[in-house]
Visitor: 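What follows is a single structure, and I will ask about it in a moment.
In what follows, every chain begins at residue 1, and chains take the letters A, B, ... in the order their sequences are listed.
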Amino acid sequence: MARITMREAISQALWEEMERDPAVFILGEEVGVWGGTYAVTKGFYDHFGPERVKDTPIAENAILGAAIGAALVGLRPIAELMTINFAFSAMDYVVNQAPKLRYMFGGQFKVPLVIRAVGGGGRQLGATHSQTPDAVFAHFPGLKVVSPGTPEDAKGLLKTAIRSDDPVLFLEHATMYQVRGEVPEGEYLIPIGQSKVQRPGRDVTIVTYAKGLELSLKAADELAKEGIEAEIVDLRTLRPLDMGPVLESFKKTNRAVIVEEGWRSYGVGAEVAARIYEEAFDYADAPILRVAQKEVPLPYNRTLEQAALPQVPDITAAVKEALK
Amino acid sequence: MNKDKLLQMYYEMVLIRRVEERGAELYQAGKIGGFMHLYIGQEAVSTGLIAAREPRDRVITAYRDHGVAINCGISANEVMAELLGKVTGTSKGKGGSMHMASVEKNMWGGHAIVGGHLPIAAGLALGDQYQGNDNVTICMFGDGATNIGYFHEALNVSMLWNLRVLWVCENNQYGMGTAVERASAVSEIRQKAEGYGMKNGRVDGMDVLAVYEAAKESMDYVRRESKPYLLEAVTYRFRGHSMGDPERYRTQDEVKKWQDNDPIGIFRAALLKKKNISAAELDEIEARAEADTQKAVEFAEASPEPGMEELFRDVYVED
Ligand SMILES: Cc1ncc(C[n+]2csc(CCOP(=O)(O)OP(=O)(O)O)c2C)c(N)n1
Ligand SMILES: [Mg+2]
């Protein structure tokens, strides 16, 4: 096992897959000469050259449309959106083209495309640059949506995404690149569409992913000091959603809190709670609670922004409420 | 142009420079967060441009907006307070560096989605046309923004609908780390107007008087003919794209070469050639800009943060 950062894990996955398969190439804004806005592709341009690490104009529609076209004829493009907020400038390709082409043409096409995008709040970037709109994308059948919370998962899931014959949206969190974690030596893959228990516990189930995992692990440490043992289930993939470990945990604890960074309304928490009620209603000992972002566009001011984002004390409070 | 106007332009250029230099220090000190894009090196463009507008002419720009805000008449106090996220800022501390605006000063915002404000600019002009106003909308954007679809859609409708928009491309040679020739199929941005049958021109964006003349002429044309016009101002940003840019994409020699061509220095030399302007007068203006910057910092530091009630206010009009 090696202990590396999220940034290194993602970078290694890209590097290994590019070494392994010449059909894999990267395109996006500032991915080459600059080395990636978040330094994920630093050194790639010199090693793989300008054709495989393709700097593009600021043209999200051209990036994604061209990536889809190249994928149709046999390449494995990794299109980078500088941030997920810019997906809205090219939403048609993300939700209306890539996920639909195969189905609509009777299974003739394959779209082996990965869209990597950075999201998340907490960096005082203002309302248009700070969003966590993951649930929006998870709404669309035909698109896989992956959002890891540990370096190990990031590396294994990204490698699988690159080898997937279907379009995958791979969501990274802007404040998690420095998060460190153990990663297996050598090659490994993690299947898309599998939730995982990241911390065992008996009293309450916390369902979360990505940034929510980081916060929930801290909250669980706090709660443990008071004798409350939270079990944390990390979704890792939002679509297809694997409810297996969630339901298994809930049937044991009978109480659940769902933690996500995006807005509460119509969010990941809403989906997960509905599924628990549908499939394990009889096991519920308390209403399922959600911890999420306040229903406002994120403000620049640091104090206000932090107040709008879910925090560790919000999670511990919700857990105690669920245990009442 | 009369002497007062010239000296006012000089004051604004120096004030923008000082405010941003202090802004950079405050950013390093952790008092400003988020993305902050400095306008240093490009001051002549918005100063010349906005000096040529009537107050009723609207202005809209991208995130590199501190200079534009000051030229539009927003005080250094409000600009600095917004940078510090204070409630006395242009946007109550909720917008930050990239989002300065003042309806009163006819400044419709810095906008952070590249190219996103261009169709909105067309809409400002459409609104004016609909209401029978003859004011011009001045829309500023970078070279990089001319490669995104928004630009092309906006240029097309502005021509098609005879909208009074002065499109101003600030060609500072780079969009982040990507040089114009690595991102645009044509090297002169103004050529892109040709495809829409739109009149266009190119001006030295380091020379504030040249910008003023070009702006005056093109604005007159837009107002008179009710047709859009695209003006390309050739300029350079002396600092990184935003704070913390490693600047691997350009050489120090190149930066130095442009810095020797400082728009404030060029203007000062031009002013000193005039018989009725003395070096002492210009020194006095520089001292005033320095003092006003200091006052703005003190004002911003002393201002309160927005209260928690601001978090939920203005999501909707009725809030
Ligand atoms: C739609 C969209 N894509 C990407 C970005 C990220 N981004 C912000 S500024 C910028 C460069 C813009 O360059 P240019 O238009 O030349 O303006 P300059 O910064 O040089 O003033 C990029 C790529 C964005 N904000 N919006
Ligand atoms: Mg530029």
Side-chain angles (χ1 to χ4, degrees), chain A residues 28-39 42-43 45-46 50 54-65 82-83 85-90 92-93 121-131 174 263 265 293-309, chain B residues 30-36 63 82-87 89 91-99 110-116 142-151 175-180 182-185 241 245-250 305-315 319:
Chain A
E29 295 158 19
E30 308 299 341
V31 296
V33 173
W34 189 294
T37 319
Y38 292 86
K42 202 168 155 189
Y45 186 85
D46 291 340
K54 203 168 179 59
D55 277 324
T56 67
I58 307 166
E60 282 76 12
N61 279 293
I63 294 168
L64 295 180
M82 194 177 281
T83 85
N85 305 282
F86 310 148
F88 298 128
S89 296
D92 191 58
Y93 290 111
R123 300 176 67 229
Q124 286 192 267
L125 301 184
T128 63
H129 276 53
S130 304
Q131 296 164 102
W263 293 294
S265 300
Q293 190 174 138
K294 304 274 189 312
E295 303 272 329
V296 298
L298 279 187
Y300 162 72
N301 175 276
R302 183 166 176 76
T303 313
L304 293 191
E305 185 186 32
Q306 289 301 317
L309 290 168
Chain B
K31 293 189 177 172
I32 297 172
F35 290 152
M36 183 165 80
Y63 44 83
E82 190 59 35
L83 290 175
L84 268 68
K86 299 300 181 76
V87 74
S91 308
K92 295 190 191 163
K94 289 157 85 169
S97 162
M98 304 196 285
H99 304 109
H111 295 263
I113 297 298
V114 168
D143 46 281
T146 68
N147 301 315
I148 197 163
Y150 297 122
F151 167 83
M176 286 188 74
T178 306
V180 169
R182 294 184 65 231
S184 175
H241 167 71
D245 169 355
E247 292 189 59
R248 274 192 288 263
Y249 50 83
R250 62 183 189 182
E305 305 242 340
M308 256 329 133
E309 72 285 354
E310 277 301 334
L311 184 56
F312 297 97
R313 188 173 291 158
D314 292 330
V315 179
D319 293 337

Visitor: Name the option with the most non-hydrogen atom pairs under 4.5 Å to chain B; the candidates are A/Thr303, A/Val296, A/Thr56.
Guide: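 Top option by heavy-atom pairs under 4.5 Å: A/Val296.
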
Visitor: Please classify the contact of A/Thr37 with chain B as side chain, backbone, both or neither, using a heavy-atom distance under 4.5 Å.
Guide: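 For A/Thr37, the contact with chain B is made by the side chain alone.
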
Visitor: Could you have a look at B/Ser184, B/Pro306, B/Ser91 and say which one has the most heavy-atom pairs with chain A under 4.5 angstrom?
Guide: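 If we count pairs closer than 4.5 Å to chain A, B/Pro306 comes out on top.
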
Visitor: Just so I understand: if I count every heavy-atom pair under 4.5 Å between each of B/Leu311, B/Val315, B/Asp314 and chain A, which residue has the most?
Guide: B/Leu311

Visitor: Can you list everything that forms a ring-ring contact (aromatic ring centres under 6.0 Å, His included) with B/His111? Sequence neighbours excluded, please.
Guide: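 ring-ring contact (aromatic ring centres under 6.0 Å, His included) check on B/His111 returns B/His117.
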
Visitor: Measure the acute angle between the ring planes of A/Trp34 and B/Tyr249, then classify it against the limits of 30° and 60° as parallel, tilted or perpendicular.
Guide: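 Because their plane-to-plane angle is under 30°, the rings of A/Trp34 and B/Tyr249 count as parallel.
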
Visitor: Atom CZ of B/Arg313 and atom NZ of B/Lys92: how far apart are they, to the nearest 0.5 Å?
Guide: 5.5 Å

Visitor: Heavy-atom pairs under 4.5 Å with chain A - which of B/Val87, B/Ile113, B/Thr146 has more of them than the others?
Guide: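 Answer, by heavy-atom pair count under 4.5 Å with chain A: B/Ile113.
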
Visitor: Once side-chain contact (heavy atoms from CB on, under 4.5 Å) is applied, do any residues pair with A/Trp263, and if so which ones, sequence neighbours excluded?
Guide: A/Gln131, A/Gln293, A/Glu295

Visitor: Heavy-atom distance under 4.5 Å to chain A: side chain of B/Ile32, backbone, both or neither?
Guide: both

Visitor: Salt bridge between A/Glu305 and A/Arg302, side-chain N to carboxylate O under 4.0 Å?
Guide: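 So A/Glu305 does not pair with A/Arg302 through a salt bridge.
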
Visitor: Select one option (side chain, backbone, both, neither) describing which atoms of B/Phe151 are under 4.5 Å from chain A's heavy atoms.
Guide: neither

Visitor: Tell me, side chain or backbone of B/Met176 under 4.5 Å from chain A's heavy atoms, or both, or neither?
Guide: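 Both parts, backbone and side chain.
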
Visitor: Return the minimal non-hydrogen interatomic distance between B/His99 and A/Leu125, and the atom names on each side.
Guide: CE1-O, 4.3 Å

Visitor: If you tally heavy-atom pairs under 4.5 Å against chain B, which of A/Glu30, A/Gln124, A/Glu29 wins?
Guide: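 Option with the top pair count is A/Glu30.
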
Visitor: Among B/Gly307, B/Gly93, B/Gly89, which residue forms the greatest number of heavy-atom pairs with chain A at distances under 4.5 Å?
Guide: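 Highest number of heavy-atom pairs under 4.5 Å: B/Gly93.
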
Visitor: Supply the atom-to-atom distance B/Lys94 NZ to B/Glu82 CD, rounded to the nearest 0.5 angstrom.
Guide: 10.5 Å

